[in-house]
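Written out below as structure tokens is the structure these notes cover.
The sequence lines fix the lettering, A, B, ..., with proteins before strands; numbering per chain opens at 1. Bear in mind the structure is a predicted one, so any value in this text is a computation, not a measurement.
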Amino acid sequence: MCTKETRPNKLRKQDCVSARRLKRLTKETRHNKLRKQDCVSARRLTMDLIGCSLLDPDLGLGTQIMNFSELPSTQEPNITIIEQPRQRGFRFRYSCEGPTHGGIQGESSERNRKTHPAIKVFNYIGPAKIVVQCVTTDEPPLLHVHSVVGKQCTNGICEVYINSNDMIASFPNLGILHVPRRSVAEILEERLVQGWRKENSEGSQLKELTEEEREHIHKAAQQRAKVIDLAVVRLMFTAYLPDNNGTFTLRLEPALSGPIYDSKAPNTCDLKIVRMDRMSGSAAGGEEMYLLCDKVQKDDIQVRFYEQDENGPLWEAFGKFGPADVHRQYAIVFKTPKYYNNSIKNPVSVLVQLRRRSDGETSDPKTFIYYPPKRDKERVHQKRKKPSQDEPAQNGRQESVNGRGFYWTYVPDFSRYEGRSQFPAHNADSLCETGAISAPLKRPLEHRSEEKTIFNEEEDTGSCCAWH
DNA sequence: CGGGAAGGTAG
DNA sequence: GCTACCTTCCC
């Protein structure tokens with residue numbers, strides 16, 4: 001499997017040779033893991049070049065895969081992430097901004113209890129070198145043009161030595177250096193050339209690239225520069241244990257973090273509702289509403305009204321607006337969607353959030369209260385005559401159901417969920433005839449067909465975006 | 001540390 | 001000309 005054809009460069013040769021040795025000494029599974037990561041992408045020269053040069057975790061450091069023969073094969077040393085980096089809310093910094101802007105926090109970080117990314121080497125106690133690098137979210141991962149910066153970092157890689165009982169390394173000061181777009185191709189090309197040199201200079205012989213090869217690499221770099229995502233990186237943690245000479249050449253299989261999204265990039269930044277010009281409205285919907293927010297992209301943003309319980313979403317509908325209603329990325333003017341039941345007798349508290357279409361990210365919600373729509377006297381009269389399941393016991397302080405004043409003194413009414421008797425039959429399907437929702441609800445709305453629609457259907461005031 | 005804002009640039 | 005994005009500047 002790991003033949004000459006599939007591993008024409010040095011890195012792979014190295015890994016594969018070790019792997020072959022490992023096969024005899026260690027479990028088959030480990031062997032396969034190595035193979036997959038190191039040999040799979042070796043198809044075309046272009047891919048291969050990129051795969052080699054951009055994956056090679058330490059160009060020029062000449063390392064070999066750990067030989068486990070002297071260790072119990074059931075308990076191999078391994079490096080594991082015990083605290084993942086925060087996925088969002090961290091800003092990649094340009095070099096011109098200086099390095100002192102704080103490191104990336106850990107996933108479980110809190111306001112006054114900050115954590116940081118951390119790894120632990122299991123099944124081994126002793127000196128170890130830990131290297132941290134930025135890689136892409138591609139599979140297999142490639143070295144990213146962005147790099148890590150911080151206290152223990154030099155040349156875009158972070159290096160620490162540990163030798164403790166817990167074998168834990170924590171990284172309190174990792175920053176991500178954002179490379180300017182204009183330099184991406186250049187950096188990539190440089191790296192490819194380095195990779196080429198490394199694999200083509202056996203011994204001390206230095207070969208030069210031919211014009212053709214240079215051109216090829218140039219093209220490959222240009223190509224790659226076009227598609228590389230500058231808004232997301234992963235951290236790759238690699239552990240090196242000392243060999244017989246005491247130098248750290250025995251590489252353990254790297255541990256990869258989850259994705260880290262640049263909080264400054266418009267398509268991955270945090271969503272936030274700053275302010276809304278109204279916190280309540282008619283269950284009939286169709287009312288104009290202004291919402292101020294942190295930066296959004298006008299073609300990729302939704303205002304989602306929804307309800308959910310501990311089991312998941314119950315109802316959702318979308319504010320109605322088009323790209324032109326998004327004002328300079330910071331404000332949205334839209335029409336409220338109607339509530340699924342516009343004959344509610346009591347105010348209903350729902351939630352509103354921003355939602356990014358492209359990745360499904362959402363903001364923290366704000367509460368929004370639907371109040372019973374104003375009705376003509378006749379219908380109110382009719383309704384009074386037949387109180388029923390759609391009039392749950394009031395638990396609020398509302399005195400009146402047909403006035404408007406009560407919603408100022410609103411007390412949420414959750415009793416309506418008890419029997420689940422008010423779900424509209426058509427709700428889930430009508431959510432978005434125009435395709436504003438791409439992802440289905442996590443949990444399908446229940447009682448759809450067996451429930452009666454208990455409100456009068458009026459004209460469908462858009463329950464979703466009218467565009468797209 | 002963490003954030004906003006300014007100024008430049010590309011579509 | 002305008003908008004949104006990118007990069008740099010700065011509190």
* To do: Grab the NE2-P distance between A:His178 and C:dT8 for me, whole Å please.
  => 10 Å
* Structure fact -> For A:Trp315 and A:Lys338 the tightest heavy-atom approach is CZ2-O, 3.6 Å
* Going from CD1 on A:Ile162 to CD1 on A:Ile130, what distance comes out if it is rounded to the nearest 0.5 angstrom? -> 4.0 Å
Strictly under 3.5 Å: I want the nitrogen or oxygen pairs between protein and nucleotides 3-5 of chain C, one per line.
| residue | atom | partner | partner atom | Å |
| --- | --- | --- | --- | --- |
| C:dT3 | OP2 | A:Arg328 | NH2 | 3.2 |
| C:dA4 | OP1 | A:Lys298 | NZ | 3.3 |
| C:dC5 | OP1 | A:Gln297 | NE2 | 2.5 |
| C:dC5 | OP2 | A:Gln329 | NE2 | 2.5 |

* Under a 4.0 Å N-O cut-off, is there an ion pair linking A:Glu139 with A:Arg234? -> yes
* Using the P atom on both, measure C:dC10 against B:dC1 and round to a whole Å. => 22 Å
* To do: Evaluate salt bridge (charged side-chain N to carboxylate O under 4.0 Å, His left out) for A:Lys114 paired with A:Glu110, printing each intermediate quantity in order.
  => CA-CA 5 Å; A:Lys114 289 190 177 169; A:Glu110 285 166 36; over 6 Å; no
* **Contact letters for nucleotides 1-11 of chain B, in which S counts primed atoms plus P, OP1 and OP2 and B counts the base, heavy atoms under 4.0 Å** => BBBBB------
* Using a cut-off of strictly less than 4.0 Å, decide whether A:Tyr94 has a side-chain nitrogen or oxygen near OP1 or OP2 of C:dT7. => yes
* Structure fact -> Test side-chain hydrogen bond (donor to acceptor under 3.5 Å, both in side chains), reference A:Gln353, set A:Arg304, A:Gln302, A:Glu361, output is A:Arg304
* To do: Examine distances only and state if a side-chain atom of A:Asp294 and a backbone atom of A:Leu271 form a donor-acceptor pair shorter than 3.5 Å.
  => no
* Asked: Between A:Cys293 and A:Val296, is any pair of side-chain heavy atoms under 4.5 Å apart?
  -> yes
* Asked: Okay, side chain of A:Glu186, backbone of A:Ser183: is any donor-acceptor separation there less than 3.5 Å?
  -> no
